[in-house]
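Working notes, structure below.
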Amino acid sequence: MARNIVLIGMPASGKSSVGKVLAKKTGFDFVDTDALIEARENRKISDIFAEEGEPYFRNLEVEVTKELSEKENQIISTGGGLVMNPLNVENLRKNGMLIFLDRDVTHLIPTADRPLGDTTEKMQNLYKERFPVYTKAADRTVKVHGTIEETAEDVWEAVNEVE
């Protein structure tokens, strides 16, 4: 089994919520890449985007994924756009299994704190753009259709499938 479980997917797909449940179940550490970046920068992602721009934020993601790839026994919840950079996928795949949490686009709720997903239209466009990247990057895909606990159980089963 991979030494890390990496959750990828759209904003609002449940990566952080499912990740926390999985961390309790496995005893692994829970790490949210967006929260880690916010803590290091001492500001919200929306502020980083507004003040420094998206390229600056994406560089921070590369630094974080490089660091996380050197650790083990983690449940890593990634930012929605993190896998758009192949370097991040490569870093996380070094010792992690990437699980795409595929939540139907109609259930992705836009929020003001998501600079690229603050409207329904933006969320739908992001989904169209990113879906092929998520499926290509993922070692496994888990459809999100039940409770957080049920999805966490589905992820755990996917991680433990014998190929």
Side-chain angles (χ1 to χ4, degrees), residues 1-103 108-118 122-123 125-142 144 151-152 155 158-159:
M1 184 174 88
R3 293 179 295 252
N4 292 322
I5 299 170
V6 182
L7 303 176
I8 64 173
M10 285 289 293
S13 62
K15 299 179 302 285
S16 295
S17 299
V18 169
K20 289 173 186 172
V21 170
L22 271 174
K24 285 181 185 171
K25 179 180 184 63
T26 61
F28 284 16
D29 293 331
F30 174 74
V31 182
D32 181 310
T33 61
D34 284 348
L36 189 57
I37 289 170
E38 285 183 338
R40 288 184 180 180
E41 289 286 306
N42 198 29
R43 53 189 168 157
K44 295 276 184 207
I45 289 171
S46 55
D47 294 334
I48 296 170
F49 266 73
E51 296 164 14
E52 309 292 343
E54 185 176 359
Y56 178 84
F57 175 76
R58 298 301 176 196
N59 286 333
L60 295 173
E61 287 182 322
V62 172
E63 291 173 22
V64 165
T65 60
K66 194 178 294 185
E67 288 174 32
L68 294 176
S69 72
E70 297 170 6
K71 299 176 182 175
E72 298 181 0
N73 301 323
Q74 302 171 106
I75 306 294
I76 302 170
S77 170
T78 63
L82 184 138
V83 297
M84 299 305 285
N85 183 338
L87 183 57
N88 291 331
V89 174
E90 182 183 320
N91 283 336
L92 293 170
R93 188 166 273 137
K94 285 179 186 170
N95 68 346
M97 177 180 280
L98 278 65
I99 307 291
F100 170 31
L101 293 187
D102 184 15
R103 184 175 199 146
L108 299 174
I109 309 299
T111 59
D113 65 336
R114 293 186 169 103
L116 301 178
D118 57 359
K122 283 184 183 178
M123 284 291 236
N125 290 336
L126 275 181
Y127 187 84
K128 287 177 194 164
E129 174 191 346
R130 292 178 177 177
F131 183 83
V133 179
Y134 292 140
T135 55
K136 183 178 180 202
D139 296 302
R140 301 269 191 281
T141 297
V142 171
V144 178
T151 303
V155 169
V159 167

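One-based numbering along the sequence shown.
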- Task: Just grab all the ring pair (Phe, Tyr, Trp, His ring centres under 6.0 Å) pairs involving residues 51-76, residues at least two apart or on different chains.
- Result: Phe49-Phe57

- Nearest non-hydrogen partners of Val6 and Gly96, listed with the distance: CG2-CA, 4.3 Å

- Query: Between Glu67 and Lys71, is there a salt bridge with N-O shorter than 4.0 Å?
  - Reply: no

- Main-chain N/O of Leu101 paired to Lys15 side chain as donor or acceptor, under 3.5 Å: no

- Message: Test your reading of the model: is there a side-chain donor-acceptor pair from Gln74 to the backbone of Leu68, 3.5 Å cut-off?
- Response: yes

- Message: If the threshold is 4.0 Å, N to carboxylate O, is there a salt bridge linking Arg40 and Glu63?
- Response: no

- Partners of Asp34 by side-chain hydrogen bond (donor to acceptor under 3.5 Å, both in side chains), sequence neighbours excluded? none

- Checking Thr78, Thr33, Asn88 against Thr65 for side-chain hydrogen bond (donor to acceptor under 3.5 Å, both in side chains), the one that qualifies is Asn88

- Task: For the pair Glu38 (side chain) and Ile45 (backbone), establish whether a donor and an acceptor sit closer than 3.5 Å, ignoring hydrogens and angles.
- Result: yes

- Query: Hey, is Arg58 close enough to Glu61 for a salt bridge, meaning N to O under 4.0 Å?
  - Reply: yes

- Query: Could you give the distance from CD1 (Ile8) to OG1 (Thr135), rounded to the nearest 0.5 Å?
  - Reply: 8.5 Å

- Item | Distance in Å, Ser77 OG paired with Leu36 CG, rounded so as to fall on 0.5 Å steps | 11.5 Å

- To the nearest 0.5 Å, atom CE of Met10 lies from atom CG of Leu126 at 4.5 Å

- Query: Hey, mind stepping through Glu51 and Glu41 against side chain to side chain contact (heavy atoms under 4.5 Å, CB included) and telling me if it holds?
  - Reply: CA-CA 12 Å; Glu51 296 164 14; Glu41 289 286 306; over 6 Å; no

- Output the distance between atom CG (Asn73) and atom CZ (Phe28), rounded to the nearest 0.5 Å. 4.5 Å

- Item | Leu92 vs Leu82 side-chain heavy atoms within contact, under 4.5 Å | yes

- Closest contact, heavy atoms only, Arg130 versus Pro11: NH1-CD, 3.8 Å

- Task: Establish, from distance only, whether the side-chain atoms of Ser16 and Asp32 form a donor-acceptor pair under 3.5 Å.
- Result: yes

- At what distance, to the nearest 0.5 angstrom, does CG of Asp139 lie from CZ of Phe100? 13.5 Å

- Note on the structure: So CZ of Arg140 and CG of Leu98: to nearest 0.5 Å the spacing works out to 11.5 Å

- Closest heavy-atom contact between Glu70 and Lys66? CG-O, 3.6 Å

- CA sep, side-chain torsions, deciding dist, call: Ser69, Asn91, side chain to side chain donor-acceptor pair (under 3.5 Å): CA-CA 6 Å; Ser69 72; Asn91 283 336; 4.7 Å; no

- Item | Closest contact, heavy atoms only, Phe30 versus Ala23 | CB-CB, 3.7 Å

- Which pair of heavy atoms, one from Val133 and one from Glu129, lies closest together, and at what distance? CG2-O, 4.1 Å

